[in-house]
Amino acid sequence: MPLVVLNGPIIAAGESLSDALDCTGSDIVRLTMPADWTDAALTFQISTDGLFYNNLFNHHGEEVSLPVIPGVAIVVPVDFLRAAAFIKFRSGTHQAPKPQLAQREFAVAVASGNAIGELAALPIRLVT
């Protein structure tokens with residue numbers, strides 16, 4: 001299973017929600033947190049079409065949240081973000097977003113079932 005590491009998404013300075021990441025046809029397997037982070041949980045919005053986004057909750061009615069330890073990589077559990085065709089990262093929760101003091105850039109590793117020779121054809125891009 002090929003692994004591709006992407007720079008982004010990015011949360012702009014003074015904002016709490018990132019730009020979108022198109023990971024259609026791939027699974028997010030690892031997140032690398034920004035080295036500097038204004039203390040807040042990390043939550044998500046997902047979309048099937050890249051136009052309309054929903055806050056991400058689990059089947060217990062709880063917002064999906066990750067603690068952020070600046071500069072560390074987190075291995076994503078198998079089905080944790082598999083439902084995301086497009087994803088945005090949020091600093092804080094949907095009820096209490098927390099703006100970041102400066103621009104924060106994540107690195108996202110995605111895996112695809114494509115053959116190694118097909119890496120260039122992976123349908124992954126940052127949405128601007």
Side-chain angles (χ1 to χ4, degrees):
M1 183 176 292
L3 187 68
V4 177
V5 179
L6 307 168
N7 291 327
I10 295 172
I11 297 176
E15 298 294 328
S16 59
L17 192 61
S18 75
D19 53 358
L21 181 68
D22 177 349
C23 46
T24 307
S26 300
D27 294 322
I28 297 173
V29 295
R30 185 181 68 223
L31 305 176
T32 302
M33 304 302 172
D36 294 323
W37 181 257
T38 305
D39 188 38
L42 182 66
T43 59
F44 307 92
Q45 288 187 338
I46 62 171
S47 173
T48 55
D49 61 8
L51 300 174
F52 181 76
Y53 285 82
N54 297 101
N55 296 314
L56 183 61
F57 279 68
N58 65 24
H59 66 282
H60 296 291
E62 303 160 333
E63 190 166 17
V64 173
S65 176
L66 291 176
V68 175
I69 300 170
V72 304
I74 296 176
V75 175
V76 177
V78 174
D79 289 327
F80 188 69
L81 293 176
R82 184 167 272 173
F86 297 83
I87 190 165
K88 293 182 180 183
F89 292 7
R90 182 191 297 109
S91 171
T93 65
H94 80 284
Q95 291 184 324
K98 186 165 184 182
Q100 288 295 304
L101 299 177
Q103 178 175 299
R104 307 299 188 211
E105 183 173 359
F106 295 84
V108 176
V110 295
S112 173
N114 294 335
I116 296 288
E118 297 174 357
L119 277 176
L122 283 176
I124 303 163
R125 62 186 168 85
L126 283 172
V127 179
T128 55

Please identify each residue that fulfils salt bridge (Lys or Arg N to Asp or Glu O under 4.0 Å) with R90, with sequence neighbours left out.
-> E63

Under 4.5 Å between any side-chain heavy atoms of L31 and L66, yes or no?
-> yes

In terms of heavy-atom contacts, V108 and P9 come closest through CG2-CD, 3.8 Å

Do you know which two heavy atoms are closest between V68 and A40, and how far apart they sit?
-> CG2-O, 3.8 Å

What is the minimum heavy-atom distance between V64 and F57, and which atoms define it?
-> CG2-C, 3.8 Å

Check side chain to side chain donor-acceptor pair (under 3.5 Å) between S47 and all other residues, then give those that pass, not counting sequence neighbours.
-> D49

When rounded to the nearest 0.5 angstrom, what is the spacing between CG in N55 and OG1 in T93?
-> 9.0 Å

Are the side chain of D22 and the backbone N or O of T24 linked by a donor-acceptor pair below 3.5 Å?
-> yes

Taking the side chain as C-beta and beyond, is there a heavy-atom pair between I28 and V110 under 4.5 Å?
-> yes

Taking atom CD1 of I11 and atom OG1 of T38, what is their separation to the nearest 0.5 Å?
-> 9.5 Å

Do other residues, nucleotides or ligands put more than 12 heavy atoms under 6.0 Å from the CD atom of Q95?
-> no

Nearest heavy-atom neighbours spanning D19 and K88 = O-CG, 3.8 Å

Quick one: do L17 and F44 end up in the same hydrophobic cluster if we chain Ile, Leu, Val, Met, Phe, Trp and Tyr together by side-chain heavy atoms under 4.5 Å apart?
-> no

Out of curiosity, I87 CD1 to Y53 OH, how far, rounded to the nearest 0.5 Å?
-> 9.5 Å

Give a yes or no on whether the backbone of A73 and the side-chain of T32 come within a donor-acceptor separation of less than 3.5 Å.
-> no

Among pairs that include at least one residue of residues 92-107, which meet salt bridge (charged side-chain N to carboxylate O under 4.0 Å, His left out), considering only residues two or more places apart or in two chains?
-> none

Which heavy atom of R30 sits nearest a heavy atom of V5, and at what distance?
-> NH2-CG2, 3.4 Å

From I69 CD1 over to L42 CG, what is the distance, rounded to the nearest 0.5 angstrom?
-> 12.0 Å

Hydrophobic cluster identity match, L56 and V76, side-chain contacts under 4.5 Å = yes

Taking C-beta and beyond as the side chain, do C23 and F86 meet within less than 4.5 Å on heavy atoms?
-> no

Quick one: closest heavy-atom pair of F106 and P34, and the distance?
-> CE2-CD, 3.4 Å

